[in-house]
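Right, one structure below, let's go through it.
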Amino acid sequence: MTEAEPTFRTLRLLCANGAGMVGFLLAYALGRDFAIALVAGALVGAIGYAASSAVVAYAEA
């Protein structure tokens, strides 16, 4: 039986979730518009997911 290579998907999702929440709260605090804050949170979350490769590289080391 071989061990599966870890994908760190949960770690990536946690990074994206944290970045998205911060982006949403900041956009809502500045603009007071829920729709714009939701879009900003989704965009920052997507960027956080892409940028989490640095966190994953650190976790693999």
Side-chain angles (χ1 to χ4, degrees):
M1 184 177 199
T2 61
E3 289 187 32
E5 186 71 24
T7 61
F8 296 100
R9 184 165 191 256
T10 303
L11 184 60
R12 289 182 182 274
L13 291 176
L14 284 172
C15 289
N17 187 28
M21 286 191 299
V22 169
F24 171 81
L25 291 173
L26 187 60
Y28 189 74
L30 293 176
R32 298 283 185 210
D33 188 4
F34 182 76
I36 292 174
L38 197 61
V39 171
L43 287 175
V44 172
I47 292 169
Y49 185 82
S52 67
S53 59
V55 178
V56 170
Y58 177 76
E60 288 178 332

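The model shown is predicted, which means the values in this text are computed figures rather than measured ones.
Of all heavy-atom pairs between Ala27 and Ala37, the closest is CB-CA, 3.8 Å. The minimum heavy-atom distance linking Ser52 with Cys15 is given by the pair CB-CB, 3.7 Å.
Under a hydrophobic-cluster definition in which Ile, Leu, Val, Met, Phe, Trp and Tyr are linked whenever side-chain heavy atoms come within less than 4.5 Å, directly or via other members, Leu38 and Leu25 are assigned to the same cluster.
Atom OH of residue Tyr28 and atom CG of residue Asp33 lie 8.5 Å apart, to the nearest 0.5 angstrom. In this structure, OH on Tyr49 lies 11.5 Å from CG on Leu14, to the nearest 0.5 angstrom.
The shortest distance between side-chain heavy atoms of Leu11 and Val56 falls below 4.5 Å.
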